[in-house]
Amino acid sequence: MANETNNFSEIIAHCKEYGYIFPSSEIYDGLSAVYDYGQNGVQLKKNIRDYWWKSMTQLHENIVGIDAAIFMHPLTWKASGHIDNFSDPMIDNKDSNKRYRVDHLIESYADKLAHEGRKEEEYALLKRMDELLSKDDFTGLRNLIEDNNITCAVSETCNWTDIRQFNLMFDTQLGTISGEADKIYLRPETAQGIFVNFLNVQKTGRMRIPFGIAQTGKAFRNEIVARQFIFRMREFEQMEMQFFVRPGTELQWYEYWKEARLKWHESLGIPVEKLRYHNHVKLAHYANAAVDIEYEFPFGFKELEGIHSRTDFDLKQHGELSKKKLQYFDNDLKEDGEPYGNYIPYVVETSVGLDRLFLTVISMSYAEEKWTKEDGSEDSRVVLRIPAKIAPYKLAILPLVKKDGLPEIAKQLMNECKESFYTFYEEKDSIGKRYRRMDAIGTPFCVTIDHRTKDDNTVTIRYRDTMLQERIPLSDVRKVVMEKIS
RNA sequence: GCGGAAGUAGCUCACCUGGUAGAGCGACAGCUUCCCAAGCUGUAGGUAGCGGGUUCGAGUCCCGUCUUCCGCUCCA
């Protein structure tokens, strides 16, 4: 049963063919980097989300959830730095087709000047760049590049395109009349919805530090290059948890969550050898430590989840712009017997991409298998070995033939089971064909009702991963499946 | 964004140097066998991604455009 492959385009095709992922607006030629979840995909996605939600909230008495709106006050993004820090002017070299961030291009030239001991020129250049950047003067910036004859490292020419603004955030209008004053953004991360509700949750939930707030929801980012299927989409879903801690303890908690999150991925069924940490060397403006948990996708190791020590940056910023005191009074006593008192909590963030996790599950589950049957002929199947606890359908109920009362028994069993888990009923085609279909959508268990069932009330249960089957009492089916999916 | 490749039925593809679309699989209905796909009969489904041009005539040639995949680039 070897010959497993992991061809990415086959996985994508399989996702479409079996109702997991469809390109958005496909009848209109699709919409770049936007995808829809189909009837099976939505179920798998929900199951992954629920598994995360339960592990965060139900299993941690000090973590609660919220569901903040996608629309937020525009100052939110001023405070978070998204307006100022994440809208980068870009420029392309026409000869090499290399693209640069304008500030990076100029800074690297400034470094060169510094190396040559031309400190004054370096200083003047950077000062001029900052002036122009703050004014969004793209013509001036381009002139600055050309006047200094700053060249592309690859083509070594100074043949540049115009400078274009890259906007991270999508905007829209809140009022009925469009205009700059009504411009609001679609959130580029769910985290800010948690930060602005910090006091609401802390006070109404009487939360004591350390505690966390979890949230799942859509976020929107205008990617420079959005590709690789659902790995990098313009509309995607995050599962974030912000953990508020006492200042000075953030790095301990960072280590704690770093380890806890990796274990969580393993508990979901992701193979250990396909996971690794990737420490950030260059840190974002809000972080004092950051690590990614990466999964080895068919296109290489890529970020699945980020764990960031965000310091008190966000709460402090929101405190300043909103003029509200986003602080916490800590009654716990220090070693000297005094309470810790008022402080702005530090934050450790865990942020996982639900769509990326979905892609991880599909990637690790997808297998094309070939083997030789006893009679010497070749056989094959495509199977999704989705962990049973998150598979869309748990159990297929199949009458061996659609007569002699077998469908009736099957439907009765279905009624008995469907309160507990998702079932799939199928009476068409040969039993082997039906097993194959269930393999292709990842249903972990099938039971077949046959004539013997009428005599002794037993059924055959067939396991997706091993294709082995065994005889169990009809009355045990629900219990057996429940055990295997919990 | 650049380069390469590709877009014909749900899927995989065919139609060679232009003459008004076919197959296999799949789906659906029925029959048959009955514990691991590919038995029989029938049915549905495509203005060949979209737009324009050349031509008496274009899926087939030309241009544009959109989308996807691969590589590069970028990435909070």
Side-chain angles (χ1 to χ4, degrees), chain A residues 7-14 16-19 22-35 80-82 85-88 90-101 104 152-155 161 164 166 168-169 188-189 191 219 221-229 231-232 280 282-287 290 292 298-299 302-303 306 308 310 349 351 369 371 373-374 377-383 398-404 406 428-440 446-453 459-464 466-471:
Chain A
N7 186 296
F8 193 39
S9 56
E10 280 163 17
I11 291 173
I12 294 168
H14 191 87
K16 191 190 158 198
E17 190 149 3
Y18 290 94
F22 307 127
S24 164
S25 321
E26 195 185 10
I27 61 169
Y28 293 109
D29 267 346
L31 191 60
S32 191
V34 185
Y35 290 90
S80 69
H82 283 84
N85 293 37
F86 296 134
S87 54
D88 305 317
M90 314 288 283
I91 193 166
D92 292 349
N93 184 276
K94 289 179 187 169
D95 298 313
S96 63
N97 292 320
K98 298 286 172 190
R99 168 169 295 178
Y100 296 86
R101 266 174 61 172
H104 287 177
C152 167
V154 175
S155 67
T161 63
R164 280 164 298 188
F166 168 65
L168 166 85
M169 291 191 289
E189 63 177 18
R221 294 181 189 181
N222 206 356
E223 303 288 350
I224 301 173
V225 177
R227 253 202 271 159
Q228 283 168 321
F229 197 36
F231 181 80
R232 181 171 282 120
H280 284 209
K282 275 201 314 193
L283 295 172
H285 61 274
Y286 52 74
D292 292 339
F299 44 87
K302 297 282 180 181
E303 177 184 357
H308 291 208
R310 293 182 77 127
E349 167 189 271
S351 173
E369 299 176 344
W371 64 94
K373 290 195 284 193
E374 282 180 15
S377 62
E378 294 293 310
D379 208 348
S380 67
R381 67 168 181 168
V382 175
V383 55
L398 317 169
L400 190 59
V401 294
K402 53 180 167 185
K403 58 183 181 184
D404 304 332
L406 302 188
K428 196 176 143 47
D429 293 319
S430 72
I431 193 68
K433 209 165 189 172
R434 283 179 273 170
Y435 285 156
R436 288 297 191 283
R437 278 203 281 261
M438 289 300 105
D439 288 341
C446 297
V447 293
T448 301
I449 316 293
D450 58 16
H451 291 92
R452 200 177 131 193
T453 308
V459 296
T460 303
I461 184 165
R462 181 262 192 187
Y463 301 101
R464 176 197 65 199
T466 58
M467 296 200 287
L468 296 176
Q469 46 193 32
E470 59 185 336
R471 204 77 193 173

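Naming: A, B, ... by sequence-line order, numbering from 1 per chain.
B:C35 and B:U47 are spaced 46 Å apart, taking the C1' atom of each and rounding to whole Å. With both ends at atom C1', the span from B:G4 to B:U8 equals 22 Å, rounded to whole Å. For the C1' atoms, the distance linking B:U17 with B:C63 amounts to 22 Å, nearest Å. Going from the C1' atom of B:G10 to that of B:G26 covers 7 Å, rounded to whole Å. If you take atom P in B:A48 and the same atom in B:C61, they sit 15 Å apart, rounded to whole Å. Straight-line distance between the P atoms of B:U65 and B:C74: roughly 26 Å, to the nearest whole Å.
Between the side chains of A:Thr448 and A:Arg462, no donor-acceptor pair is found at a separation under 3.5 Å.
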Protein heavy-atom contacts under 4.0 Å, written 5' to 3' over nucleotides 39-44 of chain B as B (base), S (sugar-phosphate only) or - (none), form the string ------
What one-letter contact string describes nucleotides 27-38 of chain B from 5' to 3', where B marks a base within less than 4.0 Å of any protein heavy atom, S marks contact via sugar-phosphate atoms alone, and - marks no contact? SSS----BBBBB
List every contact pair, protein side and nucleotides 4-11 of chain B side both N or O, where the distance is under 3.5 Å.
from	atom 1	to	atom 2	distance (Å)
B:C11	OP1	A:Lys16	NZ	2.9

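A 3.5 Å limit on both hydrogen-bonding distances identifies B:U68 as the Watson-Crick or G-U partner of B:A5. Remark: B:C56 base-pairs with B:G19. Criterion, Watson-Crick or G-U wobble with two distances under 3.5 Å.
The interatomic distance linking A:Lys302 (NZ) with B:C75 (C1') rounds to 10 Å, in whole Å.
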